[in-house]
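Heads up, the thing below is written out as structure tokens.
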Amino acid sequence: MREKSTYHPLIPVSILVGLSMFFLFIFWGKVVIAPNDYLFNDKGDGLKNYFTLVHYVKYDTGHHFSGMLYPYGEHIIYTDNQPAIAWILKGIHQFLYDIENEIPGIIHILLFLGLVLCALYTYLLLIRFKVSYAFAVFGALLITFLSPQIARFSGHYSLGYACFFPMLWYYLIQYMRSTWRWSRMIGIIFLLTFFGFIHLYYLLIGISFLLSFAFVHFLANREKLRSNLLAYTQLFAMAILPFLIIRLFLFYTDPILDRPTAPYGFLSYHAFLGSIFIPGHGPLRSFWEMIFYKLTYQFEAQVYLGLIPSLTLVFLFVRQIKKSFTQRLSFFDIPSSDSLLTYSFWAGILVLLFSMALPFRWGLAFLLDWIPLLKQFRSVGRFAWVFYYILSVYSVCFLYLQFQKMKLKSYKKTALGIATVALFVWFAEVWVYHKMNPNKYLVNNTIFNEDSSFDFPDYFKLDARKFQAILPLSMPLIGSEKNFLEGGREAFPDAIKLISKTGLPMIGANLSRTSISQTLNTLQILSSPYLSKRILEDFGEDKRPILILWSGEDLGREERLLLKKASFLVEGNGVKLYELSLDAFSTQLGWLKKYFDKDIGKFVNREGYYTKDSTTFFVHKNYPETSVSKPIPGWHDEAGLYTQDSIVLYDGLWGGTIEKSDIEASVWVRANPDHFNYPTLYFYHYNPEGKLVKKKVSAAGQMVETDGEWMRVNATNIVRFGDRVSLVLMGDQIEFDHFLIRPKNRDIFYGLKKDGSFIFNNYFVPSKINPL
């Protein structure tokens, strides 16, 4: 029981808030003093998540974001720009005060405010669980400033609000103890919905905890089911209603039907024992790896519980095992001053098991197909945040309980010494965590403040209205969970500066869960002139040119060809701008058809395959089994093959009469939205003695040749006459069609139909040619 205090309860709260601000100043002093002068990260997701919020506030309204994936844009929910915050800031910007150049600073202030609120609500929880004011103040500070969500400050700002779970947990405890439950219920529904509109992970994390708590409470009070039935019904409603609200909002506002339904990661980005008991840095990790083994895991798996909470958990585990041999042990028999804390502890254990992808990792992955929604939340390691806060709060309560017992036994000095050592160890971990983590990526804000601009002597002479979009080279295209063009590391920051100044949208994207068809259409910007550019139809009547931005980084073959077709405009600060007419995207299919129709008599006809040289060696296969769900559009054969496993496309000797050939292998694969990834094409080259000479790997997700839902995957290699080549398509749940190996300098025409259509080097040439 907590000792009675002789001072006003607002005094410890004031001390707590003051110490929280002091910690913020120690660890982030520069940002606290000038929040808009710095960025936590100016690369990758960190930069993107500043940009999407800044652009929305300046240029967008409603639920649509126009800054990337031109000409389509994206639904605000999938931009990671904190929609609930974005709508509030948009209203302030539009009706009250111009804040367009203050957005990064506002993000930082909100994250810091989240830490202060986390400390406050953790303190209130500790007080509710009968901990003394002093223990509650220091415990709340240590729990807050060791929060795993602080690691999200490096880029995932929407996930950095450490206050979310302590608030949800506190209001749940208030609900369980209140006689005015309806008001508490409405408050929890609002809290879950609001944070769900900041990031969907908050929604599912909250749902998982509420349902787990209800389940544990039911197990402990089965004999009181009738009296608790209303509470369980309300708990279920608190969990489900926010989900339905957000689901209905997306149903009525999101027109996209082909978002990926099975993104990669559920069985990879999960927590495990090493990632929750061993920190990501510091002396404890170094000691572990020196004595045992080196830990390697994904960033999403890291949810360190802290040394003192971990020791508390180990103590409880040993205690339960020991007592099980001497007496009948109740499942809920753990040292606790409050039954609701006990229920929360076991609910946290259930959520922790889910964060470890259990039981799905135990050969039960097929269960995910029964609950496909779960696969959308691929980073399940984040669910361990729930147990971090619950175990940490429990550990403070446990320490205080032991402290009180020792005091009653006249061991006051010993109790005080143990408590001091425990708090000191905890604080040491906080210190190491912050000194090695938050300032790692901190940089000056040269992108989003009012002084940021290109150092171009002629920059402002460019009329942005002359162009319809910006194309950074290399082009980034991330978001479909299938196609990953990770270019633009240099161009992306410069493109964001230009977009922020001009409002021009960007072709390409760094988003999440983007439409597969829109992603594939965007890839056509870089695809072969033998493929029609359907994306140009989506440009509509707008015939204005594209503004290309090149920051000097290495380009792929397709991007170099585009740059050659563009007209140079201006250069400055390491950046060059070009104007690219839409005529540059015209196909060569019309010319190719005229060439073939005119010279068909000069070709050698080898059983329907036309070549200029009768000795040309090639291998072509199509697959008339027609087991794919959607054949390649327009190819007439309505064919294609589906296989659950990897398949050997060809394994044999390379023939012909040329001693050494530069050959290309290509195959078409389908972008199945119900599977997380494409297959990979492996090209093995062996000499006559059977020794592997070279292996080439071509990942379909990094290719740019698209036709509808299909991608042309190719690999090249230099092979000598008589060498053995093996082409293997590796993956699972593969849909593919039309495989071809040929010398790169030998054209092959085949599949000639009565309507005049044919296939050229594994590209389909229709009878009627669209000039684009």
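Applying the side-chain hydrogen bond (donor to acceptor under 3.5 Å, both in side chains) test to Asp80 and every residue at least two apart in sequence or in another chain returns Asn49, Ser158. In this view, Tyr170 and Tyr121 satisfy the ring pair (Phe, Tyr, Trp, His ring centres under 6.0 Å) rule, not counting sequence neighbours. For Thr79, the side-chain hydrogen bond (donor to acceptor under 3.5 Å, both in side chains) test picks out Asn81, with sequence neighbours left out. By the ring pair (Phe, Tyr, Trp, His ring centres under 6.0 Å) test, Phe164 is found to be paired with Phe195, Tyr202, residues two or more places apart in sequence or in another chain being considered. With sequence neighbours left out, the side chain to side chain contact (heavy atoms under 4.5 Å, CB included) criterion links Phe249 to His63, His75, Ile77, Trp87, Phe197, Thr253. Ser500 pairs by the side-chain hydrogen bond (donor to acceptor under 3.5 Å, both in side chains) definition with nothing, not counting sequence neighbours. Scored by the side-chain hydrogen bond (donor to acceptor under 3.5 Å, both in side chains) test, Asp45 finds His156 as partners (sequence neighbours excluded). For Phe138, there are no ring pair (Phe, Tyr, Trp, His ring centres under 6.0 Å) partners, not counting sequence neighbours. Remark: Ser310 engages Phe277, Leu305 in a side chain to side chain contact (heavy atoms under 4.5 Å, CB included) (not counting sequence neighbours). Applying the ring pair (Phe, Tyr, Trp, His ring centres under 6.0 Å) rule to Phe272 yields the partners Tyr297; only residues at least two apart in sequence or on another chain are considered.
For the side chain to side chain contact (heavy atoms under 4.5 Å, CB included) test with Val57, the passing option among Leu53, Asp60, Val54 is Leu53; the others fail. With Ile207 as reference, Leu203 is the one residue of Ile205, Leu210, Leu203 to meet the side chain to side chain contact (heavy atoms under 4.5 Å, CB included) rule.
Taking the six-membered ring for Trp, Tyr78 and Phe65 have ring centres at least 6.0 Å apart.
No side-chain donor-acceptor contact under 3.5 Å links His108 and Tyr38.
Annotation for Met21: atom CE does not count as buried by contact number, only 12 or fewer foreign heavy atoms lying within 6.0 Å.
Using modelled atom types, one side-chain atom of Gln302 and one backbone atom of Ser275 make a donor-acceptor pair closer than 3.5 Å. No side-chain donor-acceptor contact under 3.5 Å links Asn228 to the backbone of Leu230.
Sorted by first and then second residue, the side chain to side chain donor-acceptor pair (under 3.5 Å) pairs involving residues 416-430 (not counting sequence neighbours) are Tyr304-Glu429. Screening residues 114-125 for salt bridge (Lys or Arg N to Asp or Glu O under 4.0 Å), with sequence neighbours left out, gives no hits.
Between atom CZ of residue Phe135 and atom CG of residue Leu126 there is a gap of 10.5 Å, rounded to the nearest 0.5 Å. Put simply, CG on Leu350 and CZ on Phe345 are 11.0 Å apart, with the number rounded to the nearest 0.5 Å. The CD atom of Gln82 lies 9.0 Å from the CG atom of Leu159; values are rounded to the nearest 0.5 Å.
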Stepwise side-chain hydrogen bond (donor to acceptor under 3.5 Å, both in side chains) check, Gln234 with Arg184: CA-CA 10 Å; Gln234 290 177 334; Arg184 309 291 186 185; over 6 Å; no
